[in-house]
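In this chain, numbering begins with 1 at the start of the sequence shown.
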Amino acid sequence: MNRRHDIDALRVFAFTLLILYHTGMAYVDDWGFHLKSVHTAEWLQWPMVFVNRWRMSLLFLISGVAIALMRPETRLLRFAGLRTWKLLLPLLFGMFVIVPIQPYCEGVANGQVAPGFGHFLLRYWQVRPWPEGSFAGWQYGITWNHLWYLAYLWNYTLVLALLMPLLRTAVVRRGIERMAASPTLLIGIPSALLLAWVVWLEPIYPSTNALLGDWYQHAKYATVFLAGYLLGREPAFWERVVALRRTTMWLALAAVGWYMGLRILGQVLSADSPLRQWPEPFWDLQVRTSQSLYVWTALLAILGWGKVFLDRPFRWMPYCTEAIYPWYMLHQSLIIVLLFWLKPLQLGPWAEPALLLVGTVGGCLLIHELLVRRVRWLRPLFGLRKEAPSPAFTGVVPAQ
């Protein structure tokens, strides 16, 4: 693989943001989550909305770019096999071992599950439906919760492997080169596709993270994943995103300002305001257009600024790159169980979230550093290579 330091750094950034976002989900008012604190705040909705429109799209975009840089076209069977091993093995291990503490805490908190984790685990491992409302995913008997990304990425990767011979034809490559070289096409085509999905599919297929029937999310995430693969190895694309980084940043800020402004307008307008008499489709189209433009321009701006500032060998990068997968698998289970323990202590609206975040980061660090990366048979279960771990984190890059 042709390593790109900026792509590695952006992956670390994206998963760090994911941990902060999931911690925030426990405290944002009026948003569903597996376990909520009593100290929720409505103002948190605004920063959460600011990032949640593109945060998962960024992960799928980076995944597509990383596959493009691997250049797996000449060994597709080996590529598919390795990706299946790296994605499905941690997914299954996570569903049966890492995730169960989440539905247990959720079920006990809402009074649908009897206390006693051992008894719950034996019942959970039978993969039989639970009483209605026991926890998110009760109807399936088992849940993947935050690990849904692995299932989606595996499906997209296998479909991409099947399409690679077609996508590498001269006609497709010429079209991609033309798109990469044109600012109008580069910004306009993906934005238009994302708008089509949010207008056409989202009202019919709201997001579920359940894989089957989740057509809006499949269309959205598969689009940015495919865009990452098609554009990722085009030199003209990287030259263009760097050159456009200020333009795309201001476009993204304008689009999110437009989007947020419409949300605020809907809250402050009086019931008898003439604006409320305007047709609902007029407002709905504005919301969806601004949202779609914001997603894609924000992604382009992140790639452009990342290429400028992050494409160099940081000393912390090898350790953090290895830590991403274990931390991703562990973090939400730690968030849920720590909040389950902290809530009864009534620590207040500042001490509780601070301890929750410190405990989550500290737990991920300790479990990864002292257990996952040092136990040879555990490493593949957390998406790592099986070879002996590198030296303990000292801030020094191991010898190559």
### Message
Determine whether T143 and W138 satisfy the following criterion, side-chain contact (heavy atoms from CB on, under 4.5 Å), listing intermediate values before the conclusion.
### Response
CA-CA 8 Å; T143 181; W138 60 268; over 6 Å; no
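Remark: R263 qualifies as a cation-pi partner of W46 under the 6.0 Å distance and 45° angle criteria applied to the six-membered ring. The side-chain tip of R53 does not point at the ring of Y259 from less than 6.0 angstrom away and within 45° of straight on. Geometric assessment of R233 against the ring of W238 yields a negative cation-pi assignment under the 6.0 Å and 45° thresholds.
Rounding to the nearest 0.5 Å places NE2 of H5 at 10.0 Å from OG1 of T321. Within the model, atoms CG of D311 and CG of D8 stand 9.5 Å from one another, a figure rounded to the nearest 0.5 Å. Note: F96 CZ to W125 CH2 = 9.5 Å, rounded to the nearest 0.5 Å. One finds the CG atom of L357 at 8.5 Å from the CD1 atom of I19 (value rounded to the nearest 0.5 Å).
Within a 6.0 Å radius of CD in Q346, other residues, nucleotides and ligands contribute 12 heavy atoms or fewer. Counting non-hydrogen atoms of other residues, nucleotides and ligands closer than 6.0 Å to CG of L77 gives a total of 12 or fewer.
A donor-acceptor pair is defined here as one N or O able to donate and one able to accept, closer than 3.5 Å; no such pair exists between the side chain of T289 and the backbone of Q286. With hydrogens and angles disregarded, a donor-acceptor distance shorter than 3.5 Å links the side chain of W305 to the backbone of R245. Side chain of R312 to backbone of D6: no donor-acceptor contact under 3.5 angstrom is found.
One hydrophobic cluster holds both L91 and V127 under the rule that ILVMFWY side chains link at heavy-atom gaps under 4.5 Å.
Aromatic rings of Y124 and F120 (six-membered ring for Trp) have centroids within the 6.0 Å cut-off, being under it. Aromatic ring centroids of F135 and Y104 lie 6.0 Å or more apart.
Taking 4.0 Å as the cut-off between side-chain N and carboxylate O, R288 and D284 count as a salt-bridged pair.
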Taking distance alone, no hydrogens or angles, what donor-acceptor pairs closer than 3.5 Å link side-chain atoms of residues 180-200 to residues at least two apart or in another chain?
residue	atom	partner	partner atom	Å
S182	OG	L185	N	3.2
S191	OG	I187	O	2.7
W197	NE1	L193	O	3.4
W197	NE1	A219	O	3.4
W197	NE1	T223	OG1	2.8

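Sorted by first and then second residue, the pairs that involve residues 152-179 and meet side chain to side chain donor-acceptor pair (under 3.5 Å), not counting sequence neighbours, are T84-W154, Y152-D214, Y156-H218, R173-E234.
In this structure, W31 and Y21 have tilted ring planes: the angle between them lies in the 30° to 60° band.
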